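To start, the structure itself, in structure tokens.
Worth saying up front: this structure is predicted, and the values here are computed from it rather than measured. Here is how names work: the chains are called A, B, and so on, in the same order as the sequence lines, proteins then strands, and each is numbered from 1.
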Amino acid sequence: MDEWKPNPAIKPHKKRSWYLAWKYKLMNQRTLRKLCQTGAVLFLLVTVIVNIKLILDTRRAAYEEEEESAQDYDDELLNVEVPRHPVSNKKVLDVEVYSSRSKVYVAVDGTTVLEDEAREQGRGIHVIVLNQATGHVMAKRVFDTYSPHEDEAMVLFLNMVARGRILIFTIKDEGSFHLKDTAKNVLKSLGSQVAPFLSWRDMWTFVGKKGGEVYGEKHAKSPALSTWGDPVLLKTEVHLTSMEDAECHWPDTELNRRRKRFCSKVEGYGSVCSCKDPTPIEFNPEPLKDNKVFDVPVAVIAGNRPNYLYRMLRSLLSAQGVNPQMITVFIDGYYEEPMDVVELFGLSGIQHTPISIKNARVSQHYKASLTATFNLFPDAKFAVVLEEDLDISVDFFSFLSQSIHLLEEDESLYCISAWNDQGYEHTAEDPSLLYRVETMPGLGWVLRKSLYKDELEPKWPTPEKLWDWDMWMRMPEQRKGRECIIPDISRSYHFGIVGLNMNGYFHEAYFKKHKFNTVPNVQLKNVESLRKDAYETEIHRLLGEAEVLDHSKNPCEDSFVPDTEGRVYVMFIRMEQEADFTTWTQLAKCLHIWDLDVRGNHKGLWRLFRKKNHFLVVGVPASPYSSKKPSSVTPIYMEPPAKEEGAVAVPVVAAAEQT
Amino acid sequence: MQKINKNVVLALLSLTSLVFLLFQLYYYKFYLSQKNGAVFSKVRGSQSGQDSTRWHVVRKFLGLIASHNIPVYLIDPLILGLVDKDIEQIRSSPDGPSPECKYFCAPRDFTTFALLDKTWKHEVGLFRTAEKMGFQWLKIINKDPRLDGMDDLSGIEIPLHYIFKLASHAIHLVVFYERSGNYLWHGPLRLKQHMDRKFVPFRKLHFGRYPGAYEKPQLLLVSIDDLKVQIPKNPSNFLEEVSHARFLECRYREARAFLQLYPDDASLDAVEFRKKAKSLLHLAALTLNNLGVKFWLSSGTCLGWYRQCNVIPHSKDVDLGVFIRDYKADIIPAFQKAGLPLKHKFGKVEDSLELSFQGEGDIKLDIFFFYEEDDHIWNGGTQAKSGKKFKYLFPKFTLCWTEFVELKVHVPCETLQYVEANYGPDWKVPVKTWDWKSSPSNVQYNGVWPVDEWDDVIQIY
């Protein structure tokens, strides 16, 4: 709207009177004055009228606008209330910490920030980190220092906490049995007087600032081995510092703004929040030439293990050929910290209301994540599915880029997976080698959209079925005889130790020694020979040139395979029908590879490496390759140890993998 | 006496005018602040009635987005209308200077641009630069409809519209999203409570009253009024789309409530039927779209969309509606060519036409032709053995786009009336036995075909 200006060209009503007045003016001063007065009055009147009009106009316009915009453009949700945070400029926090055999709690300014009275859970030292300026909880951990190695994890965590943060410790049940001197010394360096002398079933609470003052400590000694120390309750005050002191002064860039938001909220991520020399959060790995998977969406399936997610995303974003815009992190539940991690890296994250329990919950989360992925990227023909507890190899996308066309063209393929179930340090050798296997390994894999939309999604197990999604996908009704392509050396590494089906022992036995490719830009060598028919030709060629091993020796012994390099050897084991894996399981057991169920087979053939030689195992007579067996050779039969049969396998198999 | 009066009047008037003067100052200040102090010299548009401000704002905006490598394209219906008239000329001289400011100088409140979401990375930097350039901006976000259909994903919010305002002109940037079904979607513009309702005259916007669905446009870089902009390659097609772009989202929440009440049939048969029905619908849509025949989901298929956002597993066919004015003789051969032989043909073009095609695995594709009257629309039915005619009446309706089984299709915008006409007020209750002659609540007996016409109006293959 133009601003209003009084019109200077307004003319008096009568031209004639104007003229007369002019005449009068010359004659009479008095008339002149009168004339001026009339003029002024007239002018004022005009101003008043114009102004009134202006006001009416603008008011009407404004009213109309309001009415109009109200009609069509109002959000239907009118009662959205903006949550108001009470602005507290209090300088002192009241902290209460309680330690006892069956219960611990921590209250900050009357708000309970930790309460654990669950039976047979939460044993050990609980640690809470508060922001020294706001008093917000930045991290909550529990270290079961009754068990071995947990104290190391605690030391690692405490070292990562920034100086100046407020640390709160409390013991539930028992926290000293495996609390070694290193850990005790760290606690001592934080100002604890009692820590060096903590002993069996003592109760202990401690509040202090990292690298600064101690706000309070209480301790109750256990009087006897069979009893616990009395519960202790520590009440203390913590003085807050100014916001300025609690933050680092990084240069003001977009990245650092994200970093700042992250670092003022959570703790325990180490150098990413270091004031002096923070680790980068943007990686810019080399782009891949002719990247066939640049436009393939990547779904990261996550739960509430933010530290895992942090490690996983770092490796993913460092992989060559990664396209951050295609990555979506799906978080199972409304957890804040994983979302903070996602935002730190500038990725998009979606939270998912948990449905059902345990395995079915994971399964429903997978379904929702996959459906959402294909909804968000309707053009995509594939999706890469990753989990939060995987390290991603630097050539992960290069590996997929070179092989993905097979998934598009070969109908007999079910998936491409980055994981070789049998690829351990001592059984995998060749980063450029790929296999076809009848099992579906998961742990970093590519899913075809048509497979998902036409077959899997409509039949996906419903929430009341407590099934593992991966077990379900491996069932013959779903797999329909199709195979997956896997590399000899895995392009992902499963580092998760805590999980639904995972524990430290299990991880150590089956995952820790898995081989993981660290060489960039590996050129895959036999990609075309992985097509259905070409692969058979390849296998026959391989069996043709393979040397038959001495079947009179014990296959578990190292000497079974000669001390050579780069040769191809074959052995034959007994396998009565397609589902007879008795001997294979025993062999897998003694070779220290995956033996909990059958993995990595292709028509009764297993391929792995021993002593840097390609080592083929053929099941006779079930395998079609049995014809390659010289008639003089008797297939090796290994008997399962009598008592273990069945009993062990079943529960553990279900727990295998998927954590 | 007279003198005093005069003085009083004078004083009173002076006072009022002083008050008004203050008012004026206040208003002046108000508008000044809105204009953001930007004053443009009149370089362009020397002719009266032209608005060089607009041209300048557009130029600045194009500079802004170019500096951030964001590919936007012009979708302003008024400008595209003008461009369309001169399209040949503009195409032939892509760099030729236009003699006068013809397109960007008509005084308007808005110029509208489109942005494909996947072509940019939501950088905050853009808005910082915009602010530095003097733009005020407003972002309108709302739930992501691509995730709305899913029970339990927290609807993340996505930007749907941006408005950049400079001086008296505003740029409306509509964000388009790709959705399953190979089409582009833009959201409605809804202001949240705390938003500035007077930021711009929202009522005058061309986009945003309803969500809209569009084909993916091919773009053309042109130079008009000395500005290089991308426009849809075929502006008249695009303008035609604009007028019928209204999009209806499936009623996911109601569908969920329905599924709570009547759990979905997850049997293998149901899965199999749905799969077949989906591919039949895709094939039918492809065939009809190639012929340029407009169609919509009708009867049971429409009910399935409206009630449960899915194919009803116990329905035995796929039903489509077509206005008789869109009828083409090519329809039957085209379907036959697509592998769907004609199963039966009832009625004739003048009356009660209905075609059925045999899909794969016992699924039937029914195409009902609709006849428009002054106050209602109807389609006909024929009983083969008796030659009886039936008439199904519907209140008048228009067509909207929606997404159904990964397909962009039409449904009647007034879906509830349509469904209620067909299935009565109890349409929410699933019925497994359905007689097309008596169950519909809008069926009317319509006489019998004359026996001598039977060969023509009742054809069964």
Side-chain angles (χ1 to χ4, degrees), chain A residues 1-4 6 37 40-41 43-45 47-48 50-52 54-55 58 62 64-66 68-82 254 257 324-325 330 334 346 348-355 364 368-369 371-372 374-379 453-455 458-459 462, chain B residues 6 9-10 13-14 16-17 19-21 23-24 27-28 31-32 118 121-125 140 142 144 146-147 149-154 156 168 177-183 188-195 197-198 201-205 208-209 264 266 268 270-272 274-275 278-279 406:
Chain A
M1 195 183 290
D2 287 327
E3 63 255 52
W4 180 82
Q37 278 177 3
V41 167
F43 179 74
L44 283 172
L45 263 173
T47 332
V48 167
V50 170
N51 267 304
I52 287 177
L54 177 84
I55 288 177
T58 37
E64 271 173 12
E65 243 168 57
E66 206 160 321
E68 283 166 19
S69 54
Q71 274 173 6
D72 295 306
Y73 293 104
D74 273 0
D75 201 333
E76 56 270 44
L77 298 161
L78 277 172
N79 47 358
V80 184
E81 271 190 38
V82 185
E254 187 49 43
R257 241 170 262 136
Q325 270 189 278
F330 295 92
Y334 291 94
S348 56
I350 293 177
Q351 288 161 318
H352 176 226
T353 318
I355 296 182
Q364 291 310 304
S369 308
T371 303
F374 289 120
N375 281 354
L376 291 174
F377 301 96
D379 279 351
K453 280 282 166 190
D454 298 342
E455 300 182 36
K459 289 192 289 183
T462 43
Chain B
K6 222 189 273 173
V9 169
L10 209 66
L13 277 171
S14 313
T16 7
S17 75
V19 169
F20 282 126
L21 204 69
F23 249 116
Q24 256 174 287
Y27 270 111
Y28 181 65
Y31 281 109
L32 199 71
K118 70 166 185 184
K121 303 181 200 171
H122 302 267
E123 286 153 350
V124 215
I140 282 121
N142 218 321
D144 188 341
R146 296 168 299 177
L147 302 177
M150 310 189 46
D151 300 358
D152 26 79
L153 289 188
S154 71
I156 51 165
S168 57
Y177 289 86
E178 260 178 50
R179 293 187 52 176
S180 313
N182 201 27
Y183 68 101
L189 193 153
R190 298 288 177 268
L191 298 173
K192 302 242 157 121
Q193 214 177 20
H194 57 90
M195 281 181 177
R197 249 137 250 276
K198 296 196 192 93
F202 289 102
R203 181 66 181 266
K204 293 181 186 162
L205 293 174
R209 171 163 299 185
D264 208 17
L268 267 181
V271 169
E272 208 45 38
R274 279 187 167 146
K275 195 177 153 187
K278 179 180 166 184
S279 70
E406 290 173 73

Could you tell me the separation between the CZ atom of Arg179(B) and the CG atom of Leu376(A), rounded to the nearest 0.5 Å?
10.5 Å
Could you go through the side-chain contact (heavy atoms from CB on, under 4.5 Å) check for Asn375(A) and Asp144(B) one step at a time?
CA-CA 10 Å; Asn375(A) 281 354; Asp144(B) 188 341; over 6 Å; no
For Ile140(B), which atoms come within 4.5 Å of any heavy atom of chain A: side chain, backbone, both, or neither?
neither
For the atom pair NZ (Lys275(B)) and NZ (Lys453(A)), what is the distance rounded to the nearest 0.5 Å?
14.0 Å
Can you say whether Ser14(B) sits under 4.5 Å from chain A via the side chain, the backbone, both, or neither, judging by heavy atoms?
both
Counting only non-hydrogen atoms closer than 4.5 Å, does Asn182(B) touch chain A with its backbone (N, CA, C, O), its side chain (CB onward), both, or neither?
side chain
Would you mind checking which part of Phe374(A) comes under 4.5 Å of any heavy atom in chain B, side chain (CB onward), backbone (N, CA, C, O), both or neither?
backbone
Take Thr371(A) and Leu147(B) through the side-chain contact (heavy atoms from CB on, under 4.5 Å) test and state the conclusion after the steps.
CA-CA 9 Å; Thr371(A) 303; Leu147(B) 302 177; over 6 Å; no
How many angstroms lie between atom CD of Gln325(A) and atom NZ of Lys118(B), to the nearest 0.5 angstrom?
10.5 Å
